[in-house]
**Q** 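Here it is: the structure, laid out below.
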Amino acid sequence: MVLLAVLVTACAGGADTPEGFTRIDGDGFSLAVPEGWQVTAEEPGRTGLTGPRQLEDVFETAIVKVDETFSGDFALVADAVIEPMRLVTVEDLEEVEERPIEVAGAEEATLVEITFASEAFDGTTRQYLLFAIPDADGPLVFIQMGAPDPVFDRATFDAIAGSLELT
């Protein structure tokens with residue numbers, strides 16, 4: 001009987017909600033955020049979240065975008081987002097790491113960590129860029145999470161990324 005319960009739980013899939021986190025449901029995704037985070041913008045295909053930690057009025061943030069029209073080569077998606085940032089948008093962009101990650105409900109998912117010089121304060125911003133698709137036909141779920149480097153809490157951002165579930 002215990003084995004059956006374990007098998008049903010494993011087959012049901014889904015992402016865990018860490019203790020003290022609240023699950024947020026959006027168009028095509030669900031994720032969990034820690035206490036103090038709130039939904040600050042919500043429209044079709046886009047959800048904005050803001051955390052309580054800040055530096056010089058720059059807060060922790062997460063923006064979730066769902067692109068229903070996605071088609072193409074998933075491997076090129078991260079480069080398509082990062083390259084314009086490197087060329088036009090931000091100074092001193094450094095790609096710290098790019099790696100595949102497990103996302104509940106995703107066929108493929110990649111997490112990219114970057115840093116760049118901040119325009120809002122004298123320092124560095126750190127961001128996670130998470131790309132996930134449920135299958136080759138999409139939709140693409142893109143999450144941009146970031147904070148000023150001095151207040152970027154890797155454990156919090158890892159827990160948010162780990163709680164993502166495509167629905």
Side-chain angles (χ1 to χ4, degrees), residues 2 5-55 57-70 74 77-78 81-82 85 95-116 118 120 124-167:
V2 171
V6 170
L7 287 174
V8 169
T9 303
C11 292
D16 292 331
T17 300
E19 189 173 326
F21 280 49
T22 301
R23 190 148 286 278
I24 305 289
D25 295 316
D27 295 334
F29 74 93
S30 174
L31 59 76
V33 293
E35 185 177 327
W37 281 69
Q38 57 186 330
V39 175
T40 52
E42 196 166 18
E43 55 193 61
R46 185 180 183 281
T47 302
L49 304 159
T50 302
R53 293 171 43 104
Q54 66 177 336
L55 178 69
D57 295 325
V58 181
F59 288 86
E60 303 166 296
T61 59
I63 299 170
V64 185
K65 298 177 186 174
V66 179
D67 183 354
E68 297 285 346
T69 64
F70 170 78
F74 181 78
V77 171
V81 171
I82 294 170
M85 292 174 74
E95 186 174 319
V96 177
E97 178 182 24
E98 181 174 343
R99 63 184 162 89
I101 64 167
E102 293 291 322
V103 170
E107 178 179 281
E108 192 169 0
T110 298
L111 180 67
V112 180
E113 181 180 351
I114 62 171
T115 61
F116 55 87
S118 175
T124 302
T125 294
R126 183 168 301 273
Q127 287 191 350
Y128 277 1
L129 307 173
L130 194 156
F131 306 88
I133 55 171
D135 56 49
D137 295 327
L140 172 70
V141 175
F142 168 59
I143 303 177
Q144 185 173 5
M145 299 184 285
D149 203 31
V151 298
F152 185 92
D153 181 356
R154 181 172 310 284
T156 296
F157 285 93
D158 283 344
I160 292 171
S163 75
L164 177 64
E165 179 176 358
L166 303 190
T167 57

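Quick caveat, the model's predicted, so the values are computed rather than measured. The chain is numbered in sequence order, starting from 1.
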**Q** With a 4.5 Å cut-off on side-chain heavy atoms, are Met85 and Ile114 touching?
**A** yes

**Q** Are any side-chain N or O atoms of Glu113 and backbone N or O atoms of Val96, one a donor and one an acceptor, separated by less than 3.5 Å?
**A** no

**Q** Would you compute the distance between atom CG of Asp16 and atom CD of Glu165 and round it to the nearest 0.5 angstrom?
**A** 10.0 Å

**Q** Quick check: closest heavy atoms across Phe29 and Thr167, and the distance to 0.1 Å?
**A** N-OG1, 3.1 Å

**Q** Fit a plane to each ring of Phe131 and Phe142, take the angle between them on a 0 to 90° scale, and name the class: parallel (under 30°), tilted (30 to 60°) or perpendicular (over 60°).
**A** parallel

**Q** Is it the case that the side chain of Arg126 and the backbone of Pro150 share a donor-acceptor pair, with hydrogens and angles ignored and the cut-off at 3.5 Å?
**A** no

**Q** Please report the shortest heavy-atom distance between Ala147 and Val151, naming the atom on each side.
**A** CB-CG2, 4.1 Å

**Q** Would you list the pairs meeting side-chain hydrogen bond (donor to acceptor under 3.5 Å, both in side chains) in which at least one residue belongs to residues 131-148, sequence neighbours left out?
**A** Gln127-Gln144

**Q** Could you grab the distance from atom CG of Leu31 to atom CD1 of Ile143, nearest 0.5 Å is fine?
**A** 5.0 Å

**Q** Roughly how far, to the nearest 0.5 Å, is the CG atom of Asp158 from the CE atom of Met145?
**A** 8.0 Å

**Q** More than 12 heavy atoms of other residues, nucleotides or ligands under 6.0 Å from CD of Glu19: is that the case?
**A** no

**Q** Between atom CD of Glu97 and atom CG of Leu111, what is the distance when rounded to the nearest 0.5 Å?
**A** 7.0 Å

**Q** Evaluate side-chain contact (heavy atoms from CB on, under 4.5 Å) for Lys65 paired with Ile63, printing each intermediate quantity in order.
**A** CA-CA 6 Å; Lys65 298 177 186 174; Ile63 299 170; 3.9 Å; yes

**Q** Let me confirm one number: the CG-CG distance from Leu166 to Leu140, rounded to the nearest 0.5 Å.
**A** 9.5 Å

**Q** Could you report the tightest heavy-atom contact between Val103 and Ala109, atom names first, then the distance?
**A** CG2-CB, 3.5 Å

**Q** Heavy atoms only: give me the nearest Asp25-Ser30 pair and the separation to one decimal.
**A** OD1-OG, 2.8 Å

**Q** To the closest 0.5 Å, what do you measure between OG1 (Thr110) and CD (Glu98)?
**A** 6.0 Å

**Q** Please verify the inter-ring angle class for Phe152 with Tyr128; under 30° counts as parallel, over 60° as perpendicular, anything in between as tilted.
**A** perpendicular

**Q** Of all the heavy-atom pairs spanning Ser163 and Pro18, show the shortest one and how long it is.
**A** CB-CD, 4.3 Å

**Q** Give the minimum heavy-atom separation between Glu107 and Ala136, together with the two atoms involved.
**A** OE2-N, 3.6 Å

